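I have placed the structure first, in the form of structure tokens, so that the comments after it can refer back to it.
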Amino acid sequence: MQNLRYVGKNLFIEKLSIKNILKKQKTPFYIYSENQIITNFLKFKNTFKKTNPLICFAAKSNSNLNILKVLGRLGAGADVVSGGELLKALKAGIKAKKIVFSGVGKTEEELKIAINKNILLINCESESEAKLVNSLAKKLRKKVSIGFRLNPNVDAKTHKNISTGKAENKFGLSIKSFKIFLKTINSLKNIKLDALSVHIGSQILNDAPFKKTLSVMSKLIKDLRLNLKFVDLGGGFGINYTNKEKPINLNKYSKLVENFSKKLDCKIIFEPGRSIIGNTGLLISKVQFIKKGANKNFIILDAGMNDFMRPALYDAFHQIIPVSKNSAKSKDKIEFVGPVCESTCKFGIYKNYQKINENDFIAITNVGAYGSSLSSNYNTRPLIAEILINKNKLRYIRKKQNLLKLISS
Ligand code: LLP
């Protein structure tokens with residue numbers, strides 16, 4: 001991120017040195033750059049400016065209330081996947097008419113909230129869900145705008161655990177089933193099919209799967225002569241976690257989206273998460289102990305897999321950088337690990353790292369997306385603090401969870 005740099009030997013986020021923040025704040029904690037969030041959002045908006053889409057931030061990537069507020073103020077809507085996320089988006093000031101609700105297993109209770117709050121779209125993922133929305137809407141005497149999420153059977157060429165657009169994935173309805181369902185949809189008087197949606201996966205670094213999905217959608221909408229208000233093209237835009245990865249170039253895709261939206265005369269919706277928030281956050285942690293192993297040294301951090309799951313869950317690589325640089329090299333191979341009692345509680349092996357001592361501080365990078373939002377109380381560890389930086393201002397946007405409350409049930 002542009003808002004992260006070393007000044008001399010010390011790591012700064014915006015105008016504040018982490019070393020100074022550490023004088024008052026105990027580790028581990030998440031810290032985000034507000035200006036990086038703003039930059040990322042405006043960059044995304046600018047890429048698609050000719051289409052002028054509704055950008056519904058995927059709240060699952062980071063559902064901190066204050067982060068949702070920052071994005072809401074920039075004009076973002078929200079893509080939510082639970083009643084909790086829906087209520088949080090509203091609490092953050094995001095208008096109901098900018099909220100879309102995705103997910104394969106929405107409950108009756110969650111659907112009632114969505115209907116009562118008059119959100120923009122409930123993106124149904126099965127025939128049964130659409131029928132349930134219809135019957136709930138009937139009871140509530142409403143006509144509800146729905147989208148239908150399709151499974152376009154496109155390979156997003158990403159990690160198998162975050163691929164969602166292939167026939168084998170549980171998400172969306174196959175085109176075949178959708179066509180059959182369409183024949184009877186008119187009998188459901190309390191819903192109106194206003195949109196189609198797709199989301200083929202996450203951390204996609206190549207524009208080809210997006211282009212392919214767009215052509216599948218275009219053909220389908222034309223063939224079926226659907227008259228839609230919206231087409232929701234989902235999220236999934238990848239970011240660079242290593243220097244080797246090439247950033248996705250969305251310029252060509254944006255031209256295709258522009259033509260698509262003009263021809264079909266519909267408003268485009270996007271649901272980006274990672275590309276807006278991924279590179280804006282760091283996880284700051286302390287080296288608790290160092291232990292010699294058979295062929296490497298274990299650098300035992302105070303942050304664990306409960307605080308940050310991505311390496312354990314997807315073997316994800318997140319560069320670990322020192323909070324204060326030195327010029328000495330450690331000769332041994334080192335592995336950063338956490339305290340949680342699982343072998344997968346580890347964050348990466350390094351050679352030729354700078355000399356590391358107990359009580360040093362490090363930063364795990366690019367943890368803004370699916371970092372805090374995926375964290376848990378595993379091992380009865382409290383959720384950690386979150387801090388938002390804007391220039392030289394620091395704001396607590398989540399306090400560390402209270403241990404006494406945590407042990408009360
Ligand atoms: N829309 C829908 C319907 C989704 O399911 C998702 C993400 C998004 C939008 C946002 O996708 P993004 O722009 O962030 O790629 N925990 C995993 C990622 C799971 C993504 C789930 N769906 C990870 O840490 O990589």
Side-chain angles (χ1 to χ4, degrees), residues 1 4 30 32 36-37 39-41 43-44 47-48 55-63 67 71 76 78-79 81 102-104 149 151-166 168-172 197-214 232-254 257 269-283 305 308-320 344 346-348 364-375:
M1 71 159 124
L4 190 69
Y30 278 101
Y32 306 93
Q36 193 64 47
I37 300 174
T39 301
N40 293 349
F41 182 83
K43 186 175 167 212
F44 188 91
T47 303
F48 292 99
I55 305 170
C56 291
F57 175 65
K60 66 174 84 62
S61 62
N62 192 315
S63 52
I67 287 181
L71 288 161
D79 158 49
V81 289
S102 316
V104 292
R149 177 164 172 186
N151 183 317
N153 196 18
V154 170
D155 187 350
K157 303 242 174 343
T158 181
H159 190 289
K160 67 174 178 12
N161 291 3
I162 50 176
S163 171
T164 52
K166 283 171 76 182
E168 70 208 45
N169 302 126
K170 69 181 175 185
F171 299 97
S197 84
V198 273
H199 172 76
I200 55 172
S202 195
Q203 185 51 16
I204 301 168
L205 284 168
N206 182 326
D207 63 356
F210 289 118
K211 289 185 191 163
K212 194 162 175 202
T213 304
L214 199 63
D232 179 344
L233 293 170
F237 312 105
I239 63 167
N240 296 15
Y241 286 104
T242 67
N243 296 334
K244 284 179 213 140
E245 282 160 339
K246 247 177 89 191
I248 185 166
N249 183 344
L250 291 176
N251 291 331
K252 274 193 218 146
Y253 176 59
S254 75
V257 173
I269 299 173
F270 282 117
E271 302 171 351
R274 190 189 314 263
S275 52
I276 306 293
I277 200 72
N279 71 352
T280 69
L282 299 173
L283 173 53
M305 65 186 279
F308 185 54
M309 272 292 266
R310 297 199 75 252
L313 212 50
Y314 315 107
D315 262 331
F317 173 79
H318 287 259
Q319 180 93 34
I320 297 179
T344 51
K346 55 187 182 181
F347 299 109
I364 307 181
T365 58
N366 296 316
V367 298
Y370 309 105
S372 167
S373 62
L374 261 176
S375 61

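Nothing here was measured: the structure is a model prediction, and the numbers come from that model.
- The backbone N or O of L233 lies less than 3.5 Å from no partner atom in the side chain of E271, so there is not a single donor-acceptor pair.
- When the ring-ring contact (aromatic ring centres under 6.0 Å, His included) test is applied to F317, no partner is found at least two apart in sequence or on another chain.
- Ring geometry, F48 versus F44: the interplanar angle falls from 30° to 60°, so the pair is classed tilted.
- Note that the CD1 atom of I248 and the CG atom of L205 stand 6.5 Å from one another [nearest 0.5 Å].
- Under the side chain to side chain contact (heavy atoms under 4.5 Å, CB included) criterion, T213 pairs with P152, V154, V198, I200, M217, not counting sequence neighbours.
- When all heavy atoms of P209 and I204 are compared, the pair lying nearest together is CG-CG2, 4.2 Å.
- Remark: N40 engages Q36, N279, T280 in a side chain to side chain contact (heavy atoms under 4.5 Å, CB included) (not counting sequence neighbours).
- A donor-acceptor contact shorter than 3.5 Å links the side chain of T47 to the backbone of K43.
- Residues that satisfy the ring-ring contact (aromatic ring centres under 6.0 Å, His included) test with F347, not counting sequence neighbours, are absent from this structure.
- Residues forming a side chain to side chain donor-acceptor pair (under 3.5 Å) with N249 (at least two apart in sequence, or on another chain): N251.
- Here the CG-OH distance, from L374 to Y314, works out to 5.0 Å after rounding to the nearest 0.5 Å.
- The side chain to side chain donor-acceptor pair (under 3.5 Å) search around S202 returns R274, not counting sequence neighbours.
- Here the CD1 atom belonging to I276 is positioned 11.0 Å from the OG1 atom belonging to T39, to the nearest 0.5 angstrom.
- The two residues I277 and S61 make their nearest non-hydrogen contact at CG2-OG, 3.7 Å.
- Taking every heavy atom of both residues into account, I269 and C56 meet most closely at CG2-SG, 3.9 Å.
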Exercise for the section: Tell me, with the steps shown, if N62 and Y32 meet side-chain contact (heavy atoms from CB on, under 4.5 Å). Expected result: CA-CA 11 Å; N62 192 315; Y32 306 93; 3.3 Å; yes
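- Partners of Y241 according to the ring-ring contact (aromatic ring centres under 6.0 Å, His included) rule, which considers only residues two or more places apart in sequence or in another chain, are H318.
- Applying the salt bridge (charged side-chain N to carboxylate O under 4.0 Å, His left out) definition to pairs two or more places apart or across chains, those involving residues 202-214 are D207-K211.
- Here K157 pairs with D155 under the side chain to side chain contact (heavy atoms under 4.5 Å, CB included) rule; sequence neighbours left out.
- Atom CG of D232 and atom CZ of F270 lie 9.0 Å apart (nearest 0.5 Å).
- Side-chain atoms of R149 come within 3.5 Å of backbone atoms of H199 as a donor-acceptor pair (strictly under, hydrogens ignored).
- The shortest distance between side-chain heavy atoms of Y370 and K60 falls below 4.5 Å.
- Side-chain atoms of S275 never come within 3.5 Å of backbone atoms of P272 as a donor-acceptor pair (strictly under, hydrogens ignored).
- Residues meeting the side chain to side chain contact (heavy atoms under 4.5 Å, CB included) test with D315, sequence neighbours left out: none.
- Here CZ of R310 is found 9.5 Å from CG of N366. Values are rounded to the nearest 0.5 Å.
- Within the 4.5 Å cutoff, no side-chain heavy atoms of N161 are placed close to those of L313.
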* Pair F308-Y30, side-chain contact (heavy atoms from CB on, under 4.5 Å): steps then yes or no -> CA-CA 10 Å; F308 185 54; Y30 278 101; 3.6 Å; yes
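- In this structure the side chain of T365 reaches within 4.5 angstrom of the side chain of L282, judged on heavy atoms.
- Under the side chain to side chain donor-acceptor pair (under 3.5 Å) criterion, S102 pairs with D79, sequence neighbours left out.
- Summarising the geometry, atom CD1 belonging to I67 is positioned 4.5 Å from atom CD1 belonging to I37; distances are rounded to the nearest 0.5 Å.
- Heavy-atom minimum distance, A58 versus G273: CB-CA, 3.9 Å.
- With sequence neighbours left out, the ring-ring contact (aromatic ring centres under 6.0 Å, His included) criterion links Y253 to F210.
- Side chain of S373 to backbone of S63: no donor-acceptor contact under 3.5 angstrom is found.
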